[in-house]
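This structure is a prediction, so every number in the text was calculated from the model and none was measured.
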Amino acid sequence: HLEQGTVTEDGRVFLYTSGTGGTVFSFGAGGRLDEVYTPGLDSLDRVVIGKGNKVYGYCATGVESKFMELGKGKEADVYTAPVVPLGVYDGYEDGLYLRTGDGLWRYVPETGEAVYLWGWDDAYVQVDGNQIDRIAGEEQGMVLLCLEQTDRFYWEREILTFAVVSSREVREYPGKQTVTMSFWYLNDRLRYLVRRYNRQSKEYRIEYVQEADDTELERKLLKGEASDLIVLNGLYGKGLVQMGALEDLTPYYEASILVDWEDILEPAREACIISGKNVAVMPCFFIDSLRVRQEADGVIVPENEWTVWKFLEMGEGKHVFMVQRPGSVFETCMGIRYGDVFVDYESKTCNFDSDEFHQILEECSRMGTYGKSEPNSVAVYEGEEEWLYDSVSIRNAVNAVSWLDEDYAERLVGYPGMEGAEYALCNEGMFAMNSRSENKEGAWDFLEYLVSEETQEAVTWAFPSRKDCFERYLADRYEEPAFSWNERTGTLLGFSGGLSEFSESTEAYEKACQKIWSMLDYLVPDTTYGAVDDPVRAIVMEEAEMYFAKGASLEGTVNKIQKRVQLMLDEN
């Protein structure tokens, strides 16, 4: 149970339990248990080493931070730090290190001396302080061990970064130009890529501008007030291109000596072309697919035969999805590009009055309703009947195979399309340049960095967009050493230190890789992923749901959709 500890410079080891009544066990350099301490603190949160190998118990009350030197019994002084840290670290001859939300402090309890060293957001530091695990003082500077990827998927590489921070004269370093980036959603992995860029760039520094919502960001783009870079997630890209808000990146690729447009995987290139213009950079992606459930009596259809019509035929009168309603089946039939087969954006025409669209609406209306979705997207289903398909996300080869089901890879059939199977290419993040940016050189420097070989090699949570890095990502078979599985139930047991049978199976892994390579031929960029206000989808779903609720006729629904979408195209 003693999972926490530290060691002095003279070799003494201190292991402890934390919390109320926390106990500290002191071992000599030879391994002998010397003493047991129960510090007179409300709670023991950590044990740290300071000057002269002094050992302190630390207690954070939320209002004050108290330190007590161990070994002096109840007579020991209790020192109150001038700041309330989020973390404390061994500092040895430097005293103690205190981490706050803003930066790092050096603190000596006996003298009360507290010195602010530097901020995490300093242009030349760029470290997430919450990820600091250890700090060590060295001659060349302070060495920080950063656990930069602790919230990760199974079989995803950990990223441990060692940062050496030292002091220099400011005049030795030229100031960095600021490049602004607007977004209203940016996940931690994308922030990690931004931090990496800020560390290595000698000329530019990305500065975040978080907008209240997508409407506010689009309003600023229209008025020419938005940032140099735009994170497209959550925005309707087609509309921004139509407004001329996004810069065409073709000439930038042509002038680049680091990245060639042909270096990018073809499906990833296609995803970056919006309304016919090359306006986006996508550092990585994952793949979404339907999976025929092993428990269901589902038929695996060859990809070239997996059409919308085959899907409707197989699903007639059956339980298709765990939580199902006519609208959910209809959305699947609309395809990954959501209705693009019925819209010609170039000629500004649509044909929702076609026989095909009539048939899709009519057949979906006959689909049964099963289960329900609770708040926060929790799916609830009660019943004995098995459903046919689940939706799965694939971020690496491990996601494409199961040692509990030897046919798992074959069961990944993609989504039904009008002419055959389609696997959804979902961007993990897309970036674009504001066409009115006053620092386009700096904005391109960042976009170019995202698809450089250096950065793409650092992507471990999804498929890299570069061809060479994608190939190496699949070939580099990372074996997670810590997970142990119950093979009968397929559940995670915990950490064993041994490899599972699956990770030792070369045949299973190669089978998964082959499946992913075959998916590339059927990958379709998901234009609706992350876009909250696709106007075509909004119109079609509004009218279709009225029809499914028996509030409108088939012919009336088709006519209203045709007229409303055509009017929207005319107005744009």
Side-chain angles (χ1 to χ4, degrees), residues 178-187 189-191 193-194 206-250 252 270-283 285 331 334 336-340 343-346 348 350 425-440 442-444 446-447 450 525-543 561 564-572:
T178 297
V179 178
T180 54
M181 175 189 293
S182 283
F183 66 94
W184 73 283
Y185 173 75
L186 192 66
N187 67 34
R189 287 174 171 81
L190 298 180
R191 290 175 187 271
L193 294 182
V194 174
I206 303 298
E207 185 176 283
Y208 295 129
V209 179
Q210 183 164 5
E211 305 294 350
D213 51 40
D214 57 313
T215 302
E216 178 66 13
L217 179 49
E218 290 180 357
R219 184 189 68 80
K220 287 187 175 181
L221 274 169
L222 282 172
K223 295 181 66 176
E225 299 173 352
S227 300
D228 303 301
L229 293 163
I230 307 298
V231 180
L232 292 178
N233 292 61
L235 304 180
Y236 181 55
K238 288 179 182 177
L240 298 179
V241 171
Q242 291 167 359
M243 294 186 294
L246 306 181
E247 182 83 355
D248 187 347
L249 302 178
T250 302
Y252 296 89
E270 183 184 352
C272 294
I273 297 175
I274 303 175
S275 292
K277 290 189 176 182
N278 180 10
V279 296
V281 166
M282 179 181 66
F285 63 92
E331 288 214 271
M334 283 293 93
I336 294 170
R337 293 189 178 91
Y338 203 89
D340 268 16
V343 181
D344 185 335
Y345 288 96
E346 189 171 337
K348 293 189 175 184
C350 62
L425 183 154
C426 303
N427 72 79
E428 186 78 350
M430 294 191 79
F431 300 82
M433 186 191 304
N434 182 0
S435 60
R436 297 190 186 183
S437 167
E438 296 182 358
N439 192 353
K440 292 182 179 180
W444 170 249
F446 172 73
L447 296 177
L450 289 179
D526 188 349
T527 56
T528 64
Y529 180 75
V532 295
D533 55 357
D534 181 340
V536 172
R537 180 184 184 280
I539 292 171
V540 173
M541 283 309 300
E542 180 183 344
E543 300 297 340
I561 291 174
R564 288 184 62 187
V565 174
Q566 188 59 59
L567 178 62
M568 181 210 73
L569 294 171
D570 293 340
E571 290 177 345
N572 287 336

request  = Would you indicate whether the side-chain heavy atoms of L222 and E218 approach each other to under 4.5 Å?
outcome  = no
message = If the condition is side chain to side chain donor-acceptor pair (under 3.5 Å), which residues does R219 pass it with, not counting sequence neighbours?
response = E216
message = Just to verify, what does E270 make a side chain to side chain contact (heavy atoms under 4.5 Å, CB included) with, not counting sequence neighbours?
response = R337, P525
key: All salt bridge (Lys or Arg N to Asp or Glu O under 4.0 Å) counterparts of E247, not counting sequence neighbours   = K440
note = By ring-ring contact (aromatic ring centres under 6.0 Å, His included), F446 pairs with (sequence neighbours left out) Y197, F431
query = With K348, which residues qualify under salt bridge (Lys or Arg N to Asp or Glu O under 4.0 Å), at least two apart?
reply = none
remark   = Interatomic distance, CD@E428 vs CG@L193, rounded to 0.5 Å, equals 9.5 Å
request  = With sequence neighbours left out, write down each residue that passes side chain to side chain contact (heavy atoms under 4.5 Å, CB included) with I273, or none if nothing qualifies.
outcome  = W261, N278
note = Residue set satisfying ring-ring contact (aromatic ring centres under 6.0 Å, His included) with Y208, at least two apart, ordered chain then number -> F183
Approximate separation, where rounding is to 0.5 Å, of I539 CD1 and L567 CG = 8.0 Å
ask   = Closest heavy-atom contact between G429 and P283?
value = O-CD, 3.3 Å
ask   = Quick one: salt bridge (Lys or Arg N to Asp or Glu O under 4.0 Å) partners of R191, sequence neighbours excluded?
value = none
Under the side chain to side chain donor-acceptor pair (under 3.5 Å) test, residues paired with Q566 that sit two or more places apart = D570
key: Chi angles and distances behind the side-chain contact (heavy atoms from CB on, under 4.5 Å) call for L190, N187   = CA-CA 6 Å; L190 298 180; N187 67 34; 3.2 Å; yes
inquiry  = Holding to side chain to side chain donor-acceptor pair (under 3.5 Å), I want the full list of residues that pass it with T250, two or more places apart in sequence or in another chain.
reply    = D248
ask   = Closest heavy-atom contact between Y345 and Q242?
value = CD2-NE2, 4.5 Å
message = Has D526 got a side-chain atom pairing as donor or acceptor with N427's backbone, closer than 3.5 angstrom?
response = no
request  = For L569 and V343, run side-chain contact (heavy atoms from CB on, under 4.5 Å): C-alpha distance rounded to whole Å, both residues' side-chain angles, the deciding distance at 0.1 Å, then the answer.
outcome  = CA-CA 9 Å; L569 294 171; V343 181; 4.1 Å; yes
request  = Please list, chain by chain and in numerical order, all residues satisfying salt bridge (Lys or Arg N to Asp or Glu O under 4.0 Å) with K220, sequence neighbours excluded.
outcome  = E211
key: Residues V194, M181; criterion side-chain contact (heavy atoms from CB on, under 4.5 Å); working and verdict   = CA-CA 10 Å; V194 174; M181 175 189 293; 4.1 Å; yes
ask   = What heavy-atom pair brings W184 and D214 nearest, and what distance separates the two atoms?
value = NE1-CB, 3.5 Å
key: Residues L447, M433; criterion side-chain contact (heavy atoms from CB on, under 4.5 Å); working and verdict   = CA-CA 8 Å; L447 296 177; M433 186 191 304; 4.2 Å; yes
note = Heavy-atom closest pair (K238 atom, S275 atom, distance to 0.1 Å) is CG-OG, 3.5 Å
inquiry  = Tell me every residue that passes side chain to side chain donor-acceptor pair (under 3.5 Å) with S437, counting only those two or more places apart in sequence or in another chain.
reply    = D228
key: Distance, nearest 0.5 Å, that separates CG of N439 from OG of S227   = 11.5 Å
task = Write down the atom of A280, the atom of L232, and the distance for their closest heavy-atom approach.
result = CB-CD1, 4.0 Å
request  = Quick one: pull up OG in S182 and CG in N434 and give me the separation to the nearest 0.5 Å.
outcome  = 8.0 Å
ask   = Say you draw a straight line from CZ of R537 to CE of M334; how long is it, rounded to the nearest 0.5 Å?
value = 11.5 Å
note = Of all heavy-atom pairs linking R436 and K223, the shortest is NH1-C, 3.5 Å
task = Find out whether L240 and V279 are in side-chain contact, i.e. whether some heavy atom of one side chain is under 4.5 Å from a heavy atom of the other.
result = no
Interatomic distance, E542 atom CD to R564 atom CZ [nearest 0.5 angstrom] = 4.5 Å
request  = Return yes if some donor-acceptor pair links the side-chain N/O of T180 with the main-chain N/O of E207 below 3.5 Å, else return no.
outcome  = no
